[in-house]
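Lettering follows sequence order; numbering is per chain, from 1.
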Amino acid sequence: MAQPFVKKDDDLDEEEEYSPFYGIEKGAVLQEARVFHDPQLDARRCSQVITKLLYLLNQGETFTKVEATEVFFAVTKLFQSKDTVLRRMVYLMIKELSPSADEVIIVTSSLMKDMNSKTDMYRANAIRVLCRITDSTLLTQIERYLKQAIVDKNPVVASAALVSGVHLLQTNSEIVKRWSNEVQEAVQSRAALVQFHALALLHQIRQNDRLAVSKLVTSLTKGSVRSPLAQCLLIRYTSQVIRESSMNTQAGERPFFDYLESCLRHKSEMVVFEAARAITELSGVTSRELTPAITVLQLFLSSSKPVLRFAAIRTLNKVASTHPLAVTNCNIDMESLISDQNRSIATLAITTLLKTGNESSVDRLMKQITNFMSDIADEFKIVVVEAIRSLCLKFPLKYRSMMNFLSNILREEGGFDYKKAIVDSIVILIRDIPDAKEIGLFHLCEFIEDCEFTYLSTQILHFLGNEGPKTSDPSKYIRYIYNRVILENATVRASAVSTLAKFGAMVDSLKPRIFVLLRRCLFDSDDEVRDRATLYLNTLVSDASVGGTDEDVKDFLFGPLDVPLVNLETSLRNYEASDIPFDITSVPKEVKSQPLAEKKAPGKKAIGLGAPPSGPTSVVDAYEKLLSSIPEFSSFGKLFKSCSPMELTEPETEYAVNVVKHIFDGHVVFQYNCTNTIPEQLLEKVTVFVDASEAEEFSEVLTKPLQSLPYDSPGQTFVAFEKPEGVPAIGKFSNLLKFVVKEVDPATGEADEEGVEDEYQLEDLEIVAADYMLKVGVSNFKNAWENLDPDNERIDEYGLGVKESLAETVSAVIDILGMQPCEGTEVVPNNSRSHTCLLSGIFIGNVKVLVRVSFGIDGSKQVAMKLAVRSEDPDISEKIHEIVAEG
Amino acid sequence: MIRRTLTERRRWIRFDPITTGTDYELSIGGRCANCRLDLVVPLPFALRISRMDCCPSIKNVLLLDSEGKRVAVKYYTDDWPTLAAKLAYEKSIFTKTLKTNARTEAEIAMLDGYIVVYKFIQDLHFFVTGGDDENELIIATVLQGFFDAVGLLLRNNVDKRSALENLDLILLCLDEIVDGGIVLETEASVIATKVAANSLDGATSLSEQTISQALATAREHLARSLLK
């Protein structure tokens with residue numbers, strides 16, 4: 001109804017382009033600001049000019065330092081005027097300009113006068129402005145007034161002081177903490193928002209004192225909290241207390257639960273929702289506790305307000321991941337939300353339903369979703385596809401309808417990310433549900449017949465090559481694959497050739513026919529395609545001619561590459577620029593980034609189409625280059641491992657330093673990456689003084705200082721240590737950053753001649769056993785395990801004492817050993833009582849190590865661990881046990 | 001030598017305490033609201049980490065016109081550090097909400113990990129953004145407070161033109177609703193009175209209007225309870 005109105009207005013705008021600020025210019029307004037200096041102030045005109053200035057600031061215009069200072073000084077003159085409107089605009093303007101330290105002095109006295117004025121509005125605003133620009137010395141001067149203001153009878157003044165207190169607590173906590181008596185009094189205030197602000201401040205003052213927070217909650221939950229906002233806060237604090245107390249008492253009645261439940265009957269929706277959400281988020285919540293919360297959320301689902309529906313469905317969605325059964329009661333309400341106008345709500349409804357759905361409702365649900373899919377954006381579709389994938393893994397028997405659904409949406413319009421999500425899902429379903437394989441492969445074949453994305457085509461062809469030959473009738477896929485050779489671009493043609501060859505190699509009956517097709521590819525216009533065809537023909541056709549057996553050929557052509565692709569890529573890049581022949585054994589085997597595991601279904605080894613891990617390019621390689629460029633380190637031999645950077649400073653300090661440990665056979669090099677975050681400083685002759693008194697086996701051999709470290713451009717300094725060759729020596733090092741500091745004029749960027757020597761304490765660093773372990777995965781753990789001599793196996797059992805959970809223990813052990821988890825065994829399914837984790841790595845001296853750790857947890861959370869180690873050297877196996885025993 | 005204090009440049013990090021195992025006495029764990037990583041921080045550090053823990057906070061309040069241009073905006077956090085980032089965010093929420101009908105009831109959306117509640121009237125688009133884990137209804141209450149207060153201040157003649165003509169009132173209104181991310185006041189009539197108490201001409205007529213507004217609200221409430 002309002003629509004035509006708007007249109008008319010718009011037309012009007014276009015004709016006149018009316019705006020009070022039309023054609024406004026900064027320069028002109030700054031000129032106008034001269035009226036502030038008039039001896040006879042025109043209040044109305046002055047506030048208009050301030051409005052214009054604020055308009056400019058609001059539009060993103062910036063003032064130079066000079067301009068801002070000028071305006072600021074002019075504005076302070078306006079304190080002379082008694083006009084209230086003008087005064088408020090002055091306050092706003094000061095806050096926007098946030099003057100620098102030496103200018104503050106100018107306004108402080110005026111503001112302090114206003115703070116004690118009779119007009120409440122002046123007092124409240126003066127407090128807010130003053131607290132915004134104050135520093136600790138000034139704060140002690142005005143503290144007295146602020147304390148008074150907190151208990152002021154005017155709620156606006158009290159709130160202003162309390163809110164300012166919350167902000168000041170971040171910078172001047174000591175001072176604010178002295179106000180707690182006044183704040184305590186304000187909590188009892190009858191004004192709703194004063195109570196809210198007082199409660200927020202009081203809690204923040206006491207947040208580190210658990211007992212005090214608990215007392216606060218105990219007294220307030222008995223009643224007397226009026227405002228809904230304060231009530232919400234109290235609910236949050238209550239659940240915090242519940243969380244903390246549940247850590248101490250293992251079982252028994254949950255304290256304060258009655259309070260949360262009573263809030264579900266509060267008259268304000270805000271409070272009801274906050275309480276419901278708090279209950280659903282309690283750790284280890286029981287279904288009996290959940291029921292009342294779910295009931296109110298269910299009521300919200302049919303509200304007329306989108307915000308309520310959204311809030312409810314979002315919370316239910318979260319609950320559904322952990323307690324799907326508790327949410328099933330709401331299924332009917334949620335189904336009606338699928339057609340909700342608000343697409344966020346609809347998508348949440350769908351995904352929640354998919355989580356709670358039972359086997360019998362799947363078909364109906366799929367039908368509903370099909371209608372829904374056509375009118376939502378791609379990003380929502382991806383969410384739905386992922387939910388369907390999880391559902392299908394939950395109900396494997398229903399694969400048929402879900403496969404059909406996926407193939408249907410695969411044929412529809414959609415962007416790359418969406419299609420990729422679908423294809424990934426199909427691939428995962430094929431891997432996990434054997435029955436779905438043939439139908440899934442068929443859908444994928446159909447898809448590549450008309451696929452506009454080269455990346456997806458090649459990935460599917462690769463997958464087809466691995467899975468297709470193992471099906472009952474491999475020949476039916478050949479047609480689809482060869483079509484690619486005829487119709488597609490060079491990249492797809494090349495991968496189609498490889499896929500054909502795989503069929504040829506694995507399925508003897510198809511061999512002659514495949515060879516015919518491959519021979520045709522020899523006449524392709526693209527080099528890569530011809531090369532591949534030639535290679536495959538020569539190796540496959542005449543088995544013996546190249547040498548080696550049939551097995552060798554297959555291994556050569558299709559065997560797994562036991563180096564991470566990222567590493568290979570960077571090594572090849574380096575090779576392109578050099579004249580040294582490429583050697584695959586020189587490629588580092590350290591795994592840098594975790595493969596993209598399927599997050600939705602932990603415990604499954606499902607990995608999409610093995611997309612190349614984007615993101616981090618080989619860091620290690622960069623290090624190697626960096627180190628080899630420093631002549632002092634060239635004698636150390638080949639770099640064994642570079643650890644990931646470890647911060648030695650807190651974030652956001654003056655100097656940010658992190659360290660990378662480079663491990664060589666007989667040496668260790670610490671690379672300190674330093675960043676100077678102070679624009680007014682230039683650091684010179686930066687070194688790190690390392691105290692190795694707690695690392696007996698190490699002796700410092702050289703230090704490479706950093707000559708100059710300007711603002712915000714990182715630099716490195718190195719310290720090298722000698723250690724016994726091949727021995728995993730451990731030790732602790734304390735670090736002190738030493739440098740000469742020179743002041744820099746920020747305006748000119750020139751540094752002073754004179755410098756002052758200074759030092760800066762850094763955190764300690766340790767060399768631990770894990771630093772001598774390379775993360776190297778194996779593709780088939782079982783084979784690798786059996787290939788190692790059982791005589792070198794060492795088994796021992798450990799009692800680890802009480803632990804919070806298995807998952808945490810497993811990751812702790814992995815961290816101690818610094819090894820690569822294999823076959824997704826680092827993920828521990830929820831609530832499992834035992835778990836076996838497979839680890840592999842290479843220990844210093846190039847010794848391959850495999851570890852099989854079994855964990856068990858009992859009712860009292862006692863964790864026991866059985867550690868079996870196999871390696872190429874029995875001593876190393878012993879060593880691994882030592883590491884664990886010490887860690 | 002100028003040493004910057006930690007706090008000056010610290011960004012808001014919100015920690016939700018989680019159990020961190022056996023030695024929680026010595027450390028605090030939490031999930032960082034910005035990067036969604038679980039962190040365990042030794043207690044001496046934890047004490048120094050600023051926490052807006054638990055206090056509802058508003059990230060920004062935006063008033064845009066029908067082309068997505070700014071009428072008045074106010075940001076309370078560093079989530080969007082540069083002007084470009086701010087404008088990009090405004091553009092993104094404007095285009096994504098443009099086609100929705102948020103004229104009768106406030107609508108809600110999740111964008112880039114933020115909750116945005118919005119409402120349109122004439123050629124003005126009101127937005128309030130809160131964090132991912134904020135209570136949606138609190139954000140909605142703030143929006144409603146802002147929306148109604150502007151309605152009162154502009155005497156129900158709410159469109160871009162009159163908003164720009166009374167920009168001082170709008171800016172004061174923003175200033176009275178949220179202070180540094182903390183909700184100051186949500187009751188529209190109170191906000192409007194606080195803003196207008198200063199303007200010499202507005203005081204009387206506004207109080208009348210507050211009464212009529214109160215009546216209207218009462219009527220609305222009655223109608224709704226009957227409908228239920």
Contact class of B/Leu184 relative to chain A, heavy atoms under 4.5 angstrom: both

Engaged part of A/Glu96 at the chain B interface, taking heavy atoms whose separation is under 4.5 Å: side chain

Worked check of salt bridge (charged side-chain N to carboxylate O under 4.0 Å, His left out) between A/Glu269 and A/Lys305: CA-CA 11 Å; A/Glu269 283 162 342; A/Lys305 294 183 191 161; 3.4 Å; yes

Within 45° cone of B/Phe147 ring axis and under 6.0 Å: B/Lys119 NZ or CZ: yes

Interface residue of largest heavy-atom contact number with chain A, from B/Ile138, B/Asp179, B/Asp168, under 4.5 Å: B/Asp179

Contact class of B/Lys99 relative to chain A, heavy atoms under 4.5 angstrom: neither

Residue, of B/Ile115, B/Val117, B/Thr100, that accumulates the most heavy atom pairs under 4.5 Å with chain A: B/Ile115

Gap separating the CG atom of A/Leu92 from the CZ atom of A/Arg87, nearest 0.5 angstrom: 13.5 Å

Contact class of A/Phe21 relative to chain B, heavy atoms under 4.5 angstrom: side chain

Proximal component of A/Arg343, with respect to chain B [non-hydrogen, under 4.5 Å]: neither

N-O pairing of B/Asp175 and A/Lys95 below 4.0 Å: yes

Proximity breakdown for A/Arg314 and chain B, heavy-atom pairs closer than 4.5 Å: side chain

Whether B/His125 and B/Phe120 hold their rings parallel, tilted or perpendicular, with breakpoints at 30° and 60°: parallel

Axial cation check for A/Phe300 ring with A/Arg309, 6.0 Å and 45° limits: no

SB check B/Asp65 B/Lys160 (cutoff 4.0 Å): yes

Contacting moiety of B/Glu187, where chain A heavy atoms sit under 4.5 Å: neither

Under 4.5 Å from any heavy atom of chain B - which part of A/Arg128: side chain

Among the listed options A/Ile235, A/Leu193, A/Val307, A/Val163, the residue most often paired with chain B at heavy-atom distances under 4.5 Å: A/Val307

Side chain, backbone, both or neither of A/Ala200 within contact of chain B (heavy atoms, under 4.5 Å): side chain

A/Leu229, part contacting chain B, at a heavy-atom distance under 4.5 Å: side chain

B/Lys74, part contacting chain A, at a heavy-atom distance under 4.5 Å: side chain

Residue pair A/Tyr760, A/Thr649: steps toward the side-chain hydrogen bond (donor to acceptor under 3.5 Å, both in side chains) verdict: CA-CA 10 Å; A/Tyr760 188 81; A/Thr649 51; over 6 Å; no

Which of B/Thr141, B/Val183, B/Thr186 touches chain A most, by non-hydrogen pairs under 4.5 Å: B/Val183

Interatomic distance, B/Glu136 atom CD to B/Leu143 atom CG [nearest 0.5 angstrom]: 13.5 Å

Part of A/Phe196 lying under 4.5 Å from any heavy atom of chain B: side chain

Interatomic distance, B/Ile58 atom CD1 to B/Glu134 atom CD [nearest 0.5 angstrom]: 6.5 Å

